Engineer: 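This is the structure I want to talk about, given as structure tokens.
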Amino acid sequence: MDINKIRNIGIIAHIDAGKTTTTERLLFYSGKTYKIGEVDEGTAVMDWMDQEKERGITIFAAATTCYWKNQKINIIDTPGHVDFTVEVERALRVLDGAMAIFCGVGGVQSQSETVWRQSNRYNIPRLIYINKIDRTGADFFKVVKEIERKLQSNPLVLHLPVFSGDEFKGIIDIVEGKYIVYTSENEVAAVKKEVPEEKRDEFINYRNILIEKTADVDERIMKKYLDGAEITITDLKNAIRKGTLECRFFPVFCGASLRNKGTLLLLDAILDYLPSPMDRGKIGGINPLNGEKIEIDPLDEKKASMYAFKVFNDSHKGRIVYARIYSGVLKRGRSVHNWTRDCKERIMKIFEVHADRYIEKEEVYAGDIVAIAGLKCSYTGDTIADKDSPVIFEKLKFPDPVIYVSIEPKTQSEQEKVCSILKKMEEEDPTIKVRMDEETGQMILMGIGELQIEVITERLKREYKLNVRIGKPEVAYRETITVVATGEGKFIKKGAEKDKGHYGHVVLKIEPLERGKKFVFENDADESEIPSQFISAIEQGIYETMECGVFMGVPVVDVKVTVTGGSFHPTDSNEISYKIAASIAFADACRKATPILLEPIMRIELSVPEEFLGEALADFNIRNGRIEEIKMQSGLKVINGYVPLRTVFGYATALRSLTQGRGSYIIEPSCYEIVPESEMKKITGR
């Protein structure tokens, strides 16, 4: 297929805004499915996992392909819960456009802001769809203003909702200048009429705003506007497309997906305004052989290159790697090269994906999003290309885990199996970490949220028939330093009479970095003091010590380490000696650098009925919460703020008790802050 006729889009939103419900309509009206699946009934095609059906939420990003007007649309329906934000991040990394869905009642919610920021990071053109406009309390124009104010963006209104009393009757299409009336819950039966007289002034006002905004990005519109010439529908669509691709503005549509109102129009909008792979242009990368920047044209006739954005272990197909083909043609059975890990791979099978179903393909082309079987050493974020076309695309960055639990099987014989399966899950989700506690011998499972941990343990029970015991959730603290310090480490051990000994001697300086910088390593030692072949061993020794910690046995972060000197022995020096010496030197420096403990601070959105606001605020203050704003939304008081993670374990139960089961909250990792002195004593026992 012509690459200009391909659209790779993601559906992104806050939880319960209607992503999957909308996607189900897109699939039905495009002819991909013969029946509309419903989330509440557990029949949604895209929510295929048992836990997704039961919970009524999306956990794994699901991919599918449909066709509309002889054009191909690859869709990834992403989760809305913050615990699964990694699914959104890696989907956006490989997509060309997105549809951001907002609830007509809830407006811009916490996760709405998160996914919008993620999209900004990749400069992705977006359509805005305001859903649930038929619900009591929905306010289209209020949501548009929130998008403008909270997201610092430029919404371009292309739809106006029409009501008869409280009933949502139809949509005024500002571009077409028509009133679309929904006479039944079959969208295809909608009737186009002239704009009602009582809505004429509102329509003209928003059409003028549309012309003014498009005139800023399109000289043809500007010239016609100044000359008083007729501006055609084609003129407007071309200008809207141009501004959307440049992220100058974001077209806004409205509807009620559950009632089949407004979703059919979205298929046309995807083709009209979102980019093809050619519109996104060349893909930047690095040549791993010389470090030079290069650009890849998204064309079939170029050398093959692709980006692995997800690993999934399917019970029937085995290990599957989801990939975006950026250039060239890939055929089944072909050998390729993983340039990220410098290893050879073979493509055994290629699949087009429809949720949990795989349709085998002989070959795929630039612009396609596919699943590949047979890639044994490829992981999330890897670049795979032809052997004679070296390139590495930008890697993904994921949030660090903030909570951990101990996890152990009920029988010793299942220990190895549990460990093996958790390692596979770690491959699938880079925000999961599994390690063994050397002191207790326990297996530790780390993640970014309680729901994520809960889903993992449920998968162990359901998919793998393994019963495990889970410990109480604990906070993943971090250590850092506050002042500059130096440290020295020596590892000198004489060998037997004929054996070589060990000699490693390292002097280093450590400095605090700003929050989030993690680790910077530099070498200022002279070659005569420490030969260059031992520097990587020194860095590795420091890194391993940082992972284990010095002060409290938790990872050290935000530290710059500079090797300033040392010495070597012509026969006894080796890598292991310098690795150990570096570890000793780093620990020595940390003890002198006034170490402190950091804790994860969570961003929280708390919704409670107004009559329980006082009790909720009192409890929030006891938990050391900081309030950013309190607003009224859909009859509820919504509190936005920040709270230490250590204070919110089990908060769901406490909140239900305070609000007679009517309160709810969503939290997401925000930053790390210094643990207060009073809490430090409780945590460390010192």
Side-chain angles (χ1 to χ4, degrees), residues 49-52 54-55 57-60 79 81-87 310-315 318-319 379-380 398-479 544 546-549 552-555 557 597-600 602 644-653 667-669 672 683:
M49 188 180 173
D50 286 343
Q51 287 197 65
E52 292 178 317
E54 291 169 12
R55 296 172 187 270
I57 63 170
T58 301
I59 293 172
F60 288 126
H81 196 286
V82 65
D83 282 18
F84 311 107
T85 191
V86 62
E87 296 284 317
K310 181 176 178 176
V311 175
F312 181 68
N313 291 287
D314 184 79
S315 55
R319 190 176 190 270
Y379 298 87
T380 300
F398 301 109
D400 291 328
V402 293
I403 68 169
Y404 68 89
V405 296
S406 61
I407 182 167
E408 57 186 46
K410 290 191 175 178
T411 62
Q412 189 64 34
S413 61
E414 292 181 336
Q415 174 87 13
E416 193 172 319
K417 189 176 180 182
V418 170
C419 186
S420 172
I421 291 166
L422 286 176
K423 285 295 181 184
K424 285 183 178 180
M425 290 185 182
E426 190 177 9
E427 281 184 14
E428 295 177 351
D429 186 346
T431 61
I432 296 170
K433 303 292 179 191
V434 181
R435 66 176 177 85
M436 296 299 294
D437 189 308
E438 293 181 4
E439 291 183 11
T440 64
Q442 284 183 312
M443 194 183 308
I444 303 297
L445 174 62
M446 307 178 74
I448 60 173
E450 289 183 271
L451 180 59
Q452 182 193 38
I453 300 291
E454 192 179 315
V455 167
I456 291 167
T457 53
E458 277 295 310
R459 286 187 67 193
L460 286 171
K461 291 174 185 176
R462 295 185 184 202
E463 293 177 32
Y464 301 100
K465 314 300 180 194
L466 292 168
N467 286 316
V468 293
R469 285 188 289 262
I470 300 294
K472 181 183 172 185
E474 301 285 348
V475 178
Y477 291 102
R478 297 286 185 267
E479 299 176 22
E544 288 179 6
M546 288 179 67
E547 286 292 293
C548 298
M552 249 194 67
V554 298
V557 295
L597 198 62
L598 301 175
E599 66 175 338
M602 312 300 284
L645 175 62
R646 61 182 154 80
T647 68
V648 291
F649 289 133
Y651 186 40
T653 303
I667 61 172
E668 63 175 323
Y672 272 84
I683 296 165

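In what follows, residues are counted from 1 in the order of the sequence shown. In this text the structure is predicted, and so the values were computed from the model without any measurement. When reading the values below, keep in mind they use all heavy atoms of this one structure, side chains included, and skip hydrogens, waters and symmetry mates.
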Engineer: Do I432 and L422 touch side chain to side chain, with heavy atoms closer than 4.5 Å?
Structural biologist: no
Engineer: Can you check whether F649 reaches K472 side chain to side chain, under 4.5 Å on heavy atoms?
Structural biologist: no
Engineer: Locate the shortest heavy-atom distance separating R462 from K465; write the atom from each residue and the value.
Structural biologist: O-NZ, 3.1 Å
Engineer: Between CG of L466 and CZ of R459, what distance do you get to the nearest 0.5 Å?
Structural biologist: 12.0 Å
Engineer: Which pair of non-hydrogen atoms, one from R469 and one from P409, has the smallest distance, and what is that distance?
Structural biologist: NH2-O, 3.6 Å
Engineer: Which heavy atom in P669 sits nearest to a heavy atom in M602, and how many Å separate them?
Structural biologist: N-CE, 3.4 Å
Engineer: So do the side chains of K433 and E426 get within less than 4.5 Å of each other, counting heavy atoms only?
Structural biologist: yes
Engineer: Nearest 0.5 Å, please: how far is CD1 in I421 from CD in E414?
Structural biologist: 9.0 Å
Engineer: Can L460 and M425 be said to form a side-chain contact (heavy atoms from CB on, under 4.5 Å), step by step?
Structural biologist: CA-CA 10 Å; L460 286 171; M425 290 185 182; 4.2 Å; yes
Engineer: Heavy atoms only: give me the nearest V475-P600 pair and the separation to one decimal.
Structural biologist: CG1-CD, 3.4 Å
Engineer: Decide yes or no for I444 and S406: does some side-chain heavy atom of the first lie under 4.5 Å from some side-chain heavy atom of the second?
Structural biologist: yes
Engineer: Would you name the heavy atoms of M446 and P401 that are closest together and state the gap between them?
Structural biologist: CB-CB, 3.7 Å
Engineer: Heavy-atom distance under 4.5 Å between the side chains of P430 and V86, does that happen here?
Structural biologist: yes
Engineer: Roughly how far, to the nearest 0.5 Å, is CD of E450 from CD1 of I403?
Structural biologist: 5.5 Å
Engineer: Does Q452 have any side chain to side chain donor-acceptor pair (under 3.5 Å) partners at least two apart in sequence or in another chain, and if so, which?
Structural biologist: D429, T431
Engineer: Please enumerate all residues that pass side chain to side chain donor-acceptor pair (under 3.5 Å) together with E544, with sequence neighbours excluded.
Structural biologist: Q540, K579
Engineer: CD1/I453 to CG/L445 distance, rounded to the nearest 0.5 angstrom?
Structural biologist: 4.0 Å
Engineer: Hey, are the side chains of F398 and T380 touching, using non-hydrogen atoms and a 4.5 Å cut-off?
Structural biologist: yes
Engineer: Nearest heavy-atom pair of V311 and Y379: which atoms, and what distance?
Structural biologist: CG2-CA, 3.9 Å
Engineer: Measure the spacing between CD of E474 and OH of Y404 and express it to the nearest 0.5 Å.
Structural biologist: 4.5 Å
Engineer: Taking the side chain as every heavy atom from C-beta outward, state whether V402 and Y672 have any pair of such atoms under 4.5 Å apart.
Structural biologist: yes
Engineer: Is V434 close to M443 at the side-chain level, that is, under 4.5 Å between some pair of heavy atoms?
Structural biologist: yes
Engineer: E427: which residues meet the side chain to side chain donor-acceptor pair (under 3.5 Å) condition with it, sequence neighbours left out?
Structural biologist: R319
